[in-house]
Amino acid sequence: MPTPTPSTTRAALLVLADGRFPAGGHAHSGGAEAAVRAGRITGAAELEEFCRGRLHTAGLVAASLAAAAALGVGPAPLDAAADARTPSPALRRVARRLGRQLMRAARATWPSAELDALADRFPKGAHQPVVLGLTARAAGLGAEDAAYCSVYESVGGPASATVRLLSLDPFDATGVLARLAPEMDLVVGRAVEAAWRAVDEGVDVLPAVSAPLLEIGAEAHGGWAVRLFAS
Amino acid sequence: MHLDHTHTHDGPSAVGADAHRPDGSRRALRIGLGGPVGSGKTATVAALCRALRDELSLAVVTNDIYTREDAEFLLREAVLPPERITAVETGACPHTAIRDDISANLEAVEDLEDEVGPLDLILVESGGDNLTATFSKGLVDAQIFVIDVAGGDDVPRKGGPGVTTADLLVVNKTDLAPYVGSDLARMAADAKAQRAELPVVLQSLRGEDGVTAVAGWVRERLAAWTA
Amino acid sequence: MTATATGGVRATARIAARADGRGGTALPVLESEGPLAVRRTRAASGDEARVMLVGAMSGPLGGDHFTVAARAGAGARLRVGSAAATLALPGQTGGGARYDVRLDVAAGAELCWLPEQLISARGSELYVSSRVDLAPGARLVLREEQVLGRAGEEPGRLTSRLTVRLGGRPLLDQELACGPGAPGGWDGPAVLAGHRALGQLVVVRPEYAESAPAARVLGECAALTPLAGPAVLVTALAADALRLRRVLDEALAVLG
């Protein structure tokens with residue numbers, strides 16, 4: 001029976017959620033570069049709609065996986081569930097690469113037998129949200145913390161990338177994130193609730209909300225010769 | 001990857017710059033090459049590959065800004081077989097990828113050792129970013145900073161972490177000095193003042209000696225590494 | 001046919017196909033009720049059975065709960081289409097409608113599930129759940145097309161989930177929520193960006209385990225992607241149903 005890790009060191013959440021945590025995120029735009037090139041993001045208003053859509057789709061899915069992993073649901077079924085929820089092979093590769101990078105940073109920061117076992121099982125990387133959930137456990141954080149970290153990444157990445165891509169005013173980009181905060185709270189709530197259900201009923205009950213343009217855009221982006229971001 | 005459980009709780013050396021691979025063998029020496037745009041880093045890497053490839057097993061990791069141009073230049077020049085050249089994408093920030101968040105580069109060097117190893121030497125090239133970009137000690141064992149005479153002969157005097165602390169400073173394109181009005185003697189003197197005992201090489205890849213001095217320095221480092 | 005708790009119609013259609021032992025496909029079960037009717041039609045090739053879903057009433061309306069269950073047993077080749085698009089409409093009693101599709105394909109059997117579009121009319125509220133269980137060695141071609149609103153009309157609320165399992169393991173799990181009341185951003189630059197027709201084509205073939213078609217982008221808003229298993233998914237967005245069908249037909253032709 002999986003048991004949640006008690007949340008004892010809330011400040012560890014700041015360490016894990018910090019954009020400077022060395023786990024590779026800085027090289028990725030979360031699909032923003034493809035959307036900018038396609039003319040779908042040209043300013044702060046569209047960035048906000050982009051982030052909102054990403055939050056309620058890929059963001060919710062990732063946060064649920066992370067929360068479930070933090071509750072102790074098995075990483076292998078979670079990883080398979082993540083594969084089934086990620087039709088784009090470009091996005092599956094990115095998720096595993098970022099998972100592997102996070103695994104390295106996490107093992108150096110919060111050594112844990114569970115992270116070692118995960119690295120043994122997935123030497124080329126498990127899906128990043130699964131690693132994130134186990135990292136949260138190793139850091140003494142709970143499912144809600146893991147979900148917060150995940151939803152914040154799901155919108156923070158595209159926002160900071162768009163600052164570079166469009167020379168967008170950084171205050172506007174930060175304003176977008178602040179306006180999304182209440183919706184991030186909602187998504188975290190849904191993710192944690194789904195994660196608790198998954199403890200009893202298995203990973204199939206986790207959300208699978210998709211964003212067709214993120215999947216299609218990722219495949220297009222993967223073929224470009226010149227790009228600022230890896231995804 | 002560091003899969004060996006007995007080594008994973010040894011603190012920071014368990015990841016990053018651990019000198020050993022999980023199987024206990026000594027890993028390749030990693031040398032970083034940084035410096036401003038256009039100073040000749042990629043040309044120096046290419047010349048080093050040609051000079052060393054017959055005596056050493058080597059590979060290259062490039063960190064480009066927004067293209068894979070440096071990697072593609074090396075591929076086109078066929079300085080090494082393609083499987084020995086890996087391009088890391090940096091999200092337009094090579095200095096982040098070589099210093100602040102080295103996770104992608106560590107993966108690249110480990111994958112090269114796994115896939116084409118055993119390797120004696122891996123050259124990690126940074127995209128030309130700025131004068132302050134230096135490599136993390138968690139990523140490389142030694143670093144070379146490449147500047148050129150055309151970038152201004154006051155660069156050594158101004159200093160900065162690359163010029164002052166790199167294990168080797170290369171002042172490149174000395175053949176251009178007369179055309180751009182750079183004073184080589186002054187550059188050498190300023191570099192000496194900034195760097196105390198740390199070595200400086202003045203080179204022209206078009207000259208007779210080419211990369212010989214830098215290649216010699218790399219051989220010395222490698223001898224010390226494997227000693 | 002019975003009434004649901006909300007006063008709508010509950011109706012189920014069942015189709016079962018099996019090899020007839022003479023190189024053809026028999027249909028031992030072909031049952032339907034109320035607004036759902038199923039008919040056998042002439043097959044293009046000798047070993048295949050063709051079934052057409054015929055909507056005797058338009059629907060589903062709010063409160064209705066329709067279920068279609070089809071099973072292709074060992075060696076069977078079953079192709080299911082529909083005579084017309086399915087139109088989700090608001091009901092008089094209010095409340096959502098539900099449409100469940102349950103497909104089961106045995107080893108060595110093939111199911112082609114190629115219904116016409118589902119149109120989400122203004123004011124409607126529909127939850128569509130499609131679950132496909134494939135045995136190892138099963139073959140599948142499945143097309144799903146959703147059109148948000150009739151011409152020039154605002155869409156209703158549409159939530160759909162498509163789950164494909166192969167040998168009990170998840171192969172594809174995709175959910176989409178759009179229309180009034182759906183979580184924010186559904187029509188924004190990350191999700192639909194104003195497109196009113198979206199489609200998915202899933203093709204599962206055992207030989208893809210050895211070599212699956214490479215990922216490719218199909219025009220502006222569609223991509224063919226190999227899944228983490230012997231299958232590919234084509235995801236497409238288009239301005240309207242006609243353009244969407246063209247993209248999916250071209251993709252199917254590419255796959256051969």
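In the text below, chain A, chain B and the rest are named by the order of the sequence lines, each starting its count at 1. Values below: every heavy atom of this structure, side chains too, minus hydrogens, waters and symmetry copies. Please read these numbers as outputs of a predicted model, since none were measured by experiment.
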Next on the checklist: At a 4.5 Å cut-off on heavy atoms, which part of Gln200(C) comes close to chain A: side chain, backbone, both, or neither?
Outcome noted: neither
Item to check | Between Pro212(A), Ala211(A), Gly217(A), Gly31(A), the one whose heavy-atom pairs under 4.5 Å with chain C are most numerous | outcome: Pro212(A)
Checklist entry - Around Arg102(C), counting heavy atoms of other residues, nucleotides and ligands shown, do more than 12 lie under 6.0 Å from its CZ? => result yes
Item to check | Glu207(C), CD atom: more than 12 neighbouring heavy atoms under 6.0 Å | outcome: yes
Next on the checklist: I'd like to verify something: which residue of Leu192(C), Leu218(C), Leu233(C) has the highest number of heavy-atom pairs under 4.5 Å with chain A?
Outcome noted: Leu192(C)
Checklist outcome for this item: From the list Leu224(C), Asp173(C), Leu227(C), Val202(C), side chain to side chain contact (heavy atoms under 4.5 Å, CB included) with Pro87(A) holds only for Leu227(C)
Checklist entry - Should the heavy atoms of other residues, nucleotides or ligands under 6.0 Å from OH of Tyr152(A) be counted, would the total exceed 12? => result no
Item to check | CD (Glu116(C)) with more than 12 external heavy atoms under 6.0 Å | outcome: yes
Next on the checklist: Less than 4.5 Å to any heavy atom of chain C: does that hold for the side chain of Leu206(A), its backbone, both, or neither?
Outcome noted: backbone
Next on the checklist: Looking at every non-hydrogen atom in both residues, tell me the closest pair between Arg190(A) and Pro183(C) and how far apart they are.
Outcome noted: NH1-CG, 4.4 Å
Checklist outcome for this item: When Thr57(A), Leu214(A), Leu213(A) are each screened for side chain to side chain contact (heavy atoms under 4.5 Å, CB included) with Val191(C), the one that passes is Thr57(A)
Item to check | Check: Asp204(A) and Arg165(C) side chains under 4.5 Å, non-hydrogen atoms | outcome: yes
Checklist outcome for this item: Looking only at Pro89(A), Ala34(A), Ser88(A), Ala218(A), the option with the highest number of non-hydrogen pairs under 4.5 Å against chain C is Pro89(A)
Next on the checklist: At a heavy-atom distance under 4.5 Å, which candidate from Ala231(C), Gly188(C), Pro226(C) has the highest pair count against chain A?
Outcome noted: Pro226(C)
Checklist outcome for this item: Answer key: most heavy-atom pairs under 4.5 Å with chain A among Ala222(C), Ala236(C), Pro189(C) is Pro189(C)
Checklist entry - Of the listed residues (Ala223(C), Gly185(C), Ser160(C)), which shares the most heavy-atom pairs with chain A below a 4.5 Å separation? => result Gly185(C)
Checklist entry - Any idea which heavy atoms bring Arg161(C) and Ala208(A) closest together, and the distance? => result NH2-CB, 3.6 Å
Checklist outcome for this item: For Ala84(A) and Gln174(C) the tightest heavy-atom approach is O-NE2, 4.5 Å
Checklist entry - With a cut-off of 6.0 Å (strictly less than), are more than 12 heavy atoms of other residues, nucleotides or ligands near CZ of Arg122(C)? => result no
Checklist entry - Given that the side chain runs from C-beta out, which part of Arg92(A) has a heavy atom under 4.5 Å from chain C: side chain, backbone, both or neither? => result side chain
Item to check | From Thr86(A) atom OG1 to Leu172(C) atom CG, the distance as rounded to the nearest 0.5 Å | outcome: 10.0 Å
Next on the checklist: For Arg164(A), is the CZ atom crowded, meaning more than 12 foreign heavy atoms sit under 6.0 Å from it?
Outcome noted: yes
Checklist entry - Is it the case that more than 12 heavy atoms not belonging to Arg205(C) sit under 6.0 Å from its CZ atom? => result yes
Next on the checklist: Contact between Thr225(C) and Glu219(A) at the side-chain level, heavy atoms closer than 4.5 Å - yes or no?
Outcome noted: yes
Item to check | Exceeds 12 heavy-atom contacts within 6.0 angstrom, atom CD of Glu220(C) | outcome: no
Checklist entry - Can you tell me how far CZ of Arg52(A) sits from CG of Asp187(C), rounded to the nearest 0.5 angstrom? => result 13.0 Å
